[in-house]
Amino acid sequence: MSMETFSRPIVWIIAGSDSGGGAGIQADLLTMHDLGVHGCCAITANTAQNSLGVPAINAVDSSVLQSQLDALFTDMKPSAIKIGLLANACQVALVANFLRAMKSNGMHVPVVYDPVAVATSGAKLTEDSTGALVLEELLPLCDLVTPNSQELAWLAGYEKEGVSSAEDILNAAGKVRGQHSTALLVTGGHFEIEPGTTADLLCAGEAGEGDWFVGDRIATENTHGTGCTLSSAVAALLAKGYPLKDACVVANAYVRRGLRLGEGDHIGAGAGPVGHYGWPTELRDFPRVLLCASEQAKPYGVFDAAAAGKFAAEFARPDSDRLGLYPVVDSVDWLEKLAQAGVRTLQLRIKNPDGDVSEQIKQAVAIGRKYDLRLFINDYWQWAIEFGAYGVHLGQEDLQAADLNAIQGAGLKLGISTHGFYELLYAYQYRPSYLAIGAIYATNTKDMRGQLQGPEKLARMVALLPEYPLVAIGGIDLERAPAVAASGVGSIAVVSAITKAADYRDAVSAFRAILKG
C-alpha cells in the first residue's frame with residue numbers, strides 16, 4: 001500500500017516504553033488515536049516504571065533502533081515525527097544521522113522533540129553526555145522542542161541555578177535556541193509565575209520574542225505523561241496540516257482537558273497518568289494568549305506601556321449574535337444596492353483607494369444610518385470615529401496600530417479577523433463585538449495558503465464560542481454555503497459570490513435562505 005492511500009496521517013514515535021502505561025509510547029499512541037492520526041513506534045528503551053518511580057532504563061541496542069527506523073521508512077513514511085526518550089549519546093547520534101539522511105533525500109516532515117531527561121518522580125533518564133550532543137546534533141534538525149523547566153535548565157546548562165521566573169525562562173530559552181530556527185515550547189507545569197496558574201512559553205520568532213499561554217492550574221496528582229502527551233498532540237496536529245501556533249494551543253487544551261477530566265482517576269499509589277478524553281471541545285480547557293498591553297503581562301516581563309494606553313476590551317455586542325449574510329464591498333454604490341435588497345450587515349473595504357476615501361466613508365456612514373445598517377468600516381478607524389460609523393473591522397496586524405481605547409470610547413463596535421485557533425484565542429482576549437474566522441476556502445482576493453480552515457476546523461472553533469457572534473469568511477459561494485452554515489456559525493461574509501453573481505438580488509435571497517434570515 002502506498003503512502004498516498006492511507007486515510008490517516010502517519011506519525012512516527014521514537015521513544016521509550018513505559019511499563020506502567022502512563023507515559024512514553026503508551027501515552028503517545030493514546031493521544032494520536034484521539035487526534036485522528038496513525039502512530040508508528042521505534043522503541044528506544046524498555047523502561048521499568050510505575051506510578052512511584054523508574055527503577056530501570058533498559059536502552060535498546062543501536063542496531064535494534066536502526067532496524068525499526070529502516071522498517072518504517074520502507075513502508076510507512078511519516079507526515080510528522082515525535083521524538084521522546086533517547087537514553088544515551090549513541091541513540092542521539094543515530095537519530096540525528098537518520099533525520100539528516102531523510103532531509104538530504106528531499107523528505108521534509110515536521111519533527112517534534114520532547115527532551116525527556118528527568119521523570120516527574122525526579123529520576124534521571126539519560127546519560128550525562130547526551131545534553132551537549134542534543135544541542136549540537138539533534139536540535140538543529142527539529143522544528144519544535146518541548147522541554148519543561150527542568151529539561152530547559154538541563155539543555156541550557158542551568159541545572160544548579162534552575163529556571164523559575166519569566167526572565168529565567170526567556171534567557172534559558174534564548175541560550176538553547178542560539179542561532180537555530182528551531183522553535184521552543186517550554187511547558188509550565190513545574191513553575192508558577194502567577195499564583196494559581198500555569199504558563200507555557202512558545203518561542204518561534206526572533207530572539208527574545210515569545211507567546212505565553214496562560215491557564216488556571218488544575219488541582220490533580222494525575223500528571224504522569226503530560227510532556228509526552230503534549231508533544232505527541234503537537235506532532236499529530238502538525239501531521240494534519242495545522243500551523244505551529246495552532247497545534248500548540250490545541251495540544252495545550254488537549255492536555256488540560258485530560259488533567260481536568262482525569263482528576264478523579266486512581267491508577268497506582270503515586271502520580272497517576274494524565275487522561276486521554278478526545279478532542280478539546282470547551283473553551284475553559286484552552287489557554288489565554290497573553291496580550292502585552294494587558295495588566296496581566298507585567299509578571300511575565302512583556303508588558304508594553306505604550307500599547308496599554310491604546311488598549312481596550314469588552315466592546316459592545318451587535319443587536320444580534322447572528323449577523324446573517326455579511327457582504328464585503330468596495331464601493332458606496334454596492335452598499336446602497338445591497339441595503340435596498342434588504343441586507344442588514346455590510347462592510348466597506350477599500351483596499352485600492354480611488355478618489356477621496358474620507359468622503360466615501362462619510363457617504364457610507366450616511367447610507368448606514370438611512371437603512372439602519374450594521375455597517376463596519378475596514379481599517380480606516382479614524383474616519384469611522386469622525387463620521388460616527390456603526391463599527392470598525394480590523395485585521396490582526398492592525399490591532400497593534402489602532403487606538404482601541406478611542407474606538408471603544410466613541411461607541412463603535414469592533415470586528416476582528418482571525419485565521420486559526422491561535423489567532424481566535426488571541427483576538428478573543430479583546431472581547432470584540434464579533435470574531436471573523438477565515439479563510440474557510442481558497443479565495444481570489446488574498447493568498448491564504450497555510451491558513452485555510454475548512455468546515456471541520458470552523459465547526460470546532462464555533463463549538464468553543466457557541467454564544468458569541470462569529471463570521472465565516474473566505475471563498476464561500478452558494479454551493480459551499482450549506483456546509484459552512486451547518487457548522488453553527490451565525491454569519492457568512494461574502495465578496496464575489498454576490499458582486500459577481502448574474503443577479504445579485506437572487507444571490508442575496510439564496511444566501512439568506514441558507515442562513516434562514
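These numbers were taken from a predicted model, which means no experiment stands behind them. In this chain, numbering begins with 1 at the start of the sequence shown.
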For Asp333 and Ser331, does a side-chain donor sit closer than 3.5 Å to a side-chain acceptor? no

Can you tell if the side chain of Trp334 reaches within under 4.5 Å of the side chain of Leu338, non-hydrogen atoms only? yes

Whether the side chain of Thr198 engages the backbone of Gly188 through a donor-acceptor N/O pair (distance < 3.5 Å, no angle test) should be reported. no

Going through the checks in order, is the side chain to side chain donor-acceptor pair (under 3.5 Å) test met by Gln396 and Tyr426? CA-CA 9 Å; Gln396 295 265 323; Tyr426 180 87; 5.9 Å; no

Shortest non-hydrogen pair, Ser149 vs His190, comes out as OG-CB, 3.2 Å

Go through the steps for Leu283 and Leu425 under the test side chain to side chain contact (heavy atoms under 4.5 Å, CB included), then give the verdict. CA-CA 9 Å; Leu283 185 64; Leu425 294 170; 4.0 Å; yes

So, does Arg480 use its side chain to make a donor-acceptor pair with the main chain of Gly475 at under 3.5 Å? yes

Counting heavy atoms not belonging to Glu221, are there more than 12 under 6.0 Å from its CD? no

Do Asn405 and Phe311 have side-chain heavy atoms sitting under 4.5 Å apart? no

Is the Lys NZ or Arg CZ of Lys457 less than 6.0 Å from the centre of Phe421's six-membered ring, within 45° of the axis? no

Look at the side chain of Asp34 and the backbone N and O of Thr31, then say whether any donor-acceptor pair between them is shorter than 3.5 Å. no

Any chance the rings of Tyr254 and Tyr277 have centres within less than 6.0 Å? no

What distance separates Leu323 CG from Gln347 CD, expressed to the nearest 0.5 Å? 11.5 Å

Quick one: side-chain hydrogen bond (donor to acceptor under 3.5 Å, both in side chains) partners of Glu192, sequence neighbours excluded? Arg217

Is a side-chain donor or acceptor of Ser433 paired with a backbone partner of Leu414 at a separation under 3.5 angstrom? yes

Lys413 to Tyr390, cation-pi by 6.0 Å centre distance and 45° axis angle: yes

Please report the C-alpha distance between Val250 and Phe286 in whole Å, then the side-chain angles of each, then the deciding distance to 0.1 Å, and finally whether the side chain to side chain contact (heavy atoms under 4.5 Å, CB included) criterion is met. CA-CA 7 Å; Val250 174; Phe286 280 76; 4.1 Å; yes

Taking every non-hydrogen atom, the tightest pair across Ala507 and Leu478: O-CD2, 4.4 Å

Kindly give the heavy-atom pair with the smallest separation between Leu144 and Leu244, and that separation in Å. CD2-CD1, 4.0 Å

Less than 4.0 Å between a side-chain N and a carboxylate O, is that true for Lys500 and Asp477? no

Are Leu515 and Ile492 close enough that some pair of their side-chain heavy atoms sits under 4.5 Å apart? yes

Counting C-beta onward and ignoring hydrogens, is there a side-chain heavy-atom pair between Leu465 and Leu470 closer than 4.5 Å? yes

With salt bridge (charged side-chain N to carboxylate O under 4.0 Å, His left out) as the criterion, how do Asp379 and Lys351 come out once you've worked through the C-alpha distance, each side chain's angles and the decisive distance to 0.1 Å? CA-CA 9 Å; Asp379 289 350; Lys351 289 298 184 184; 3.0 Å; yes

Measure from the side-chain N and O atoms of Ser231 to the backbone N and O of Cys228, and report whether any donor-acceptor pair falls under 3.5 Å. yes

When you check the gap from the basic side-chain N to the acidic O, do Arg344 and Asp319 get nearer than 4.0 Å? yes

Can a donor-acceptor pair be found between the side chains of Glu194 and Gln296 at a distance below 3.5 Å? yes

Restricting to non-hydrogen atoms, name the atom on Leu375 and the atom on Ala364 that form the minimum distance, rounded to 0.1 Å. CD2-O, 3.1 Å

Side-chain donor or acceptor of Gln408 paired with backbone N/O of Ala313 under 3.5 Å: yes

Quick one: CG on Leu464 to CG on Asp285, what's the gap to the nearest 0.5 Å? 9.5 Å

Is the number of heavy atoms from other residues, nucleotides or ligands within 6.0 Å of CZ (Arg505) greater than 12? no

What pair of heavy atoms forms the shortest contact from Asp321 to Glu467, and how long is it? OD2-O, 3.2 Å

Does the side chain of Phe303 reach to within under 4.5 Å of the side chain of Glu295, using non-hydrogen atoms? yes

His393 versus Ile416: any side-chain heavy-atom pair under 4.5 Å? no

Crowded around Lys362 NZ? As in, over 12 foreign heavy atoms under 6.0 Å? no

To the nearest 0.5 Å, what is the distance between CG (Leu185) and NZ (Lys245)? 12.0 Å

So, Asp143 side chain and Val112 main chain: donor-acceptor pair closer than 3.5 Å or not? no

Side chains of Glu336 and Tyr371: do they bring a donor and an acceptor to under 3.5 Å? yes

At what distance, to the nearest 0.5 angstrom, does CG of Leu399 lie from CD of Glu423? 9.5 Å

Salt bridge Asp28-Lys82, side-chain N to carboxylate O under 4.0 Å: yes

Roughly how far, to the nearest 0.5 Å, is the OG1 atom of Thr345 from the CZ atom of Arg374? 3.5 Å

Taking Ser487 for its side chain and Ala459 for its backbone only, find out whether a donor-acceptor pair lies under 3.5 Å. no

Is it true that a side-chain atom of Asn222 and a backbone atom of Gly272 form a donor plus acceptor pair closer than 3.5 Å? yes

Sub-4.5 Å side-chain heavy-atom contact between Val11 and Ser79: no

Aromatic Phe315 / basic Arg431 pairing, under 6.0 angstrom, 45° off normal: no

Show your reasoning for whether side chain to side chain contact (heavy atoms under 4.5 Å, CB included) applies to Gln26 and Leu30. CA-CA 6 Å; Gln26 286 79 4; Leu30 287 170; 5.7 Å; no

Kindly assign one of parallel, tilted or perpendicular to the pair Trp279 and Tyr242, based on the angle between their ring planes and the thresholds 30° and 60°. tilted

Taking the side chain as every heavy atom from C-beta outward, state whether Ile83 and Trp12 have any atom pair closer than 4.5 Å. no

Taking Arg284 first and then Asp216, would you say they form a salt bridge - that is, a charged N and a carboxylate O separated by under 4.0 Å? no

If you measure from CZ on Phe213 to SG on Cys248, what distance do you get to the nearest 0.5 Å? 6.0 Å

Quick one: do Asp200 and Asn252 satisfy side chain to side chain donor-acceptor pair (under 3.5 Å)? Show the steps, please. CA-CA 8 Å; Asp200 293 0; Asn252 178 297; 3.1 Å; yes

Check whether the side chains of Asp211 and Tyr422 place a donor and an acceptor atom closer than 3.5 Å, and report yes or no. yes

Minimum heavy-atom separation for Cys40 to Met76, with atom names? SG-CE, 3.6 Å

Go through the steps for Tyr326 and Tyr434 under the test ring-ring contact (aromatic ring centres under 6.0 Å, His included), then give the verdict. CA-CA 12 Å; Tyr326 187 173; Tyr434 73 81; 5.8 Å; yes

Any pair counted as ring pair (Phe, Tyr, Trp, His ring centres under 6.0 Å), so long as it reaches residues 451-482, sequence neighbours left out: Tyr428-Tyr468

Do NZ/NE/NH1/NH2 and the carboxylate oxygens of Arg256 and Glu282 come within less than 4.0 Å? no

